[in-house]
Amino acid sequence: MGVVPADLLEFERPLLSSGQVVVGIDEVGRGALAGPLVVGAVVLRDLNPPPEGLTDSKALSAARRESLVGPLEEWADAWALGWVEAAEIDAWGIRLALSVAADRALCALTITPTHALVDGSFNLLRAPRDVAFGVTPPVLSHEDLAVTTLVKGDARSATIAAASVLAKVARDASMVERSTAYPLYGWHENKGYGSATHLAALENHGACDEHRRSWNLPGL
């Protein structure tokens with residue numbers, strides 16, 4: 001017997017059937033040493049089957065992710081990305097930065113969701129405000145949105161998987177572009193993560209403005 005494909009609408013279906021407007025939320029770049037953190041938000045109002053082959057962006061090749069962008073944009077009722085840069089992560093810490101990026105994505109949507117499916121084990125839309133460096137924390141305007149958290153949600157939920165793919169493709173493209181200004185670090189290949197090339201460049205040349213300097217990086 002073949003592998004039975006996952007029902008990627010298992011979590012959207014009951015919400016949509018009850019009249020909810022669902023948004024799937026996922027982040028990309030949380031563990032990178034350089035570059036932005038990006039949160040994707042994908043809205044679904046009707047029970048439409050997702051594009052074939054959709055799953056967790058990490059399980060897809062770069063070419064397959066890119067081929068899904070057009071179909072996902074057509075399938076979603078609305079979608080948006082929220083970005084935070086390295087300097088913001090340094091100022092606020094990664095936990096609050098995640099929430100800011102998620103809030104920015106939701107603010108950019110053209111449709112207001114009523115229920116969020118969030119990848120992971122905690123609610124990205126809320127965060128402690130005890131910023132370590134005395135920087136005034138930004139307002140989070142979606143803290144009261146109803147949320148269901150799903151561990152490994154990017155492989156279990158269509159809207160979360162879609163958010164993952166769209167955020168991953170956009171962030172990867174951004175890191176390739178940024179690599180032209182900082183070619184020593186190999187971001188066109190490692191996308192800002194801690195590859196051997198990236199770590200060696202940090203040791204030999206130090207960090208640049210795109211690095212998360214609060215992370216105790218090599219060479220600092």
Side-chain angles (χ1 to χ4, degrees), residues 1-31 37-83 98-99 101-126 142-174 191:
M1 295 179 62
V3 176
V4 177
D7 177 10
L8 286 182
L9 292 173
E10 175 185 355
F11 300 98
E12 286 85 352
R13 185 176 290 107
L15 293 168
L16 293 170
S17 297
S18 66
Q20 301 288 334
V21 177
V22 177
V23 61
I25 297 173
D26 198 9
E27 58 80 18
V28 174
R30 179 180 182 179
L37 167 71
V38 183
V39 171
V42 171
V43 172
L44 201 61
R45 292 186 296 191
D46 300 299
L47 198 62
N48 298 320
E52 185 176 353
L54 177 64
T55 188
D56 172 14
S57 66
K58 297 185 292 296
L60 299 170
S61 68
R64 182 58 182 144
R65 287 193 296 267
E66 290 168 7
S67 73
L68 280 169
V69 169
L72 287 174
E73 290 176 352
E74 293 181 6
W75 172 72
D77 288 296
W79 69 275
L81 303 177
W83 300 67
L98 281 163
S99 295
D103 193 68
R104 287 175 176 173
L106 292 174
C107 286
L109 291 170
T110 57
I111 296 172
T112 302
T114 61
H115 196 107
L117 299 176
V118 177
D119 183 54
S121 59
F122 63 89
N123 182 357
L124 275 186
L125 306 185
R126 295 182 178 180
H142 294 84
E143 289 184 295
D144 294 330
L145 182 64
V147 167
T148 298
T149 57
L150 295 174
V151 175
K152 299 188 183 300
D154 44 12
R156 302 166 66 196
S157 156
T159 53
I160 293 177
S164 170
V165 169
L166 293 175
K168 174 69 172 168
V169 170
R171 186 184 184 278
D172 282 359
S174 176
K191 308 304 187 290

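Note that the numbering runs from 1 along the sequence shown for the chain. Any value given below was found using the heavy atoms of this structure, including those in side chains, with hydrogens, waters and symmetry copies removed.
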Task: Side-chain heavy-atom pair Val42, Leu72 within 4.5 angstrom cut-off - done: no
Open item on the list: Can you list everything that forms a side chain to side chain contact (heavy atoms under 4.5 Å, CB included) with Ser57? Sequence neighbours excluded, please.
Closed with: Arg65, Ser164, Val165, Lys168
Task: Interatomic spacing from CD1 in Ile160 to CG in Asp56 - rounded to 0.5 Å - done: 10.5 Å
Task: CA sep, side-chain torsions, deciding dist, call: Asp119, Arg156, salt bridge (charged side-chain N to carboxylate O under 4.0 Å, His left out) - done: CA-CA 9 Å; Asp119 183 54; Arg156 302 166 66 196; over 6 Å; no
Task: Straight-line distance of Leu81 CG to Arg171 CZ, nearest 0.5 Å - done: 12.5 Å
Open item on the list: If you compare all heavy atoms of Lys58 against all heavy atoms of Asp154, which two are closest, and at what distance to 0.1 Å?
Closed with: NZ-OD2, 3.0 Å
Open item on the list: Looking at every heavy atom in both Ala80 and Ala108, which two are closest together, and how far apart are they?
Closed with: CB-CB, 3.7 Å
Task: Verdict with supporting geometry, Val23 and His115, side chain to side chain contact (heavy atoms under 4.5 Å, CB included) - done: CA-CA 6 Å; Val23 61; His115 196 107; over 6 Å; no
Open item on the list: So, taking the atom named OG in Ser157 and the one named CG in Leu117, what distance separates them when rounded to the nearest 0.5 Å?
Closed with: 5.0 Å
TODO: Mind checking the CZ-CG spacing from Arg13 to Leu15? Nearest 0.5 Å is all I need.
DONE: 11.0 Å
Task: Contact check, side chains of Trp83 and Leu37, non-hydrogen atoms, under 4.5 Å - done: no
- [ ] Show the numbers, then the answer: is there a side chain to side chain contact (heavy atoms under 4.5 Å, CB included) between Leu60 and Leu68?
- [x] CA-CA 10 Å; Leu60 299 170; Leu68 280 169; 3.7 Å; yes
Task: Nearest-0.5 Å distance that lies between atom OG1 in Thr159 and atom CD1 in Ile25 - done: 9.0 Å
Open item on the list: Within the 4.5 Å heavy-atom criterion, are Val39 and Arg104 side-chain neighbours or not?
Closed with: no
Task: Ala158: side chain to side chain contact (heavy atoms under 4.5 Å, CB included) partners, not counting sequence neighbours - done: Leu8, Leu9, Glu12, Pro50, Leu54, Trp75
TODO: Report yes if the side chains of Val147 and Leu125 come closer than 4.5 Å at any heavy-atom pair, otherwise no.
DONE: yes
- [ ] Could you walk me through whether Val43 and Val22 pass the side chain to side chain contact (heavy atoms under 4.5 Å, CB included) test, one step at a time?
- [x] CA-CA 6 Å; Val43 172; Val22 177; over 6 Å; no
Open item on the list: Among residues at least two apart in sequence or on other chains, which ones pass side chain to side chain contact (heavy atoms under 4.5 Å, CB included) with Ser61?
Closed with: Ala63, Arg64
TODO: Measure the shortest side-chain to side-chain distance between Leu98 and Phe122 over non-hydrogen atoms and say whether it is less than 4.5 angstrom.
DONE: yes
TODO: Nearest 0.5 Å please: distance from the CG atom of Asp26 over to the CG atom of Leu124.
DONE: 8.0 Å
- [ ] For residues Pro113 and Leu106, report the shortest heavy-atom separation together with the two atoms involved.
- [x] CG-CD2, 4.2 Å
Task: Any Arg126 side-chain heavy atom under 4.5 Å of Asp144 side chain - done: yes
Open item on the list: Testing the basics here: between Ala105 and Gly82, what is the closest heavy-atom pair and its distance to 0.1 Å?
Closed with: CB-N, 3.4 Å
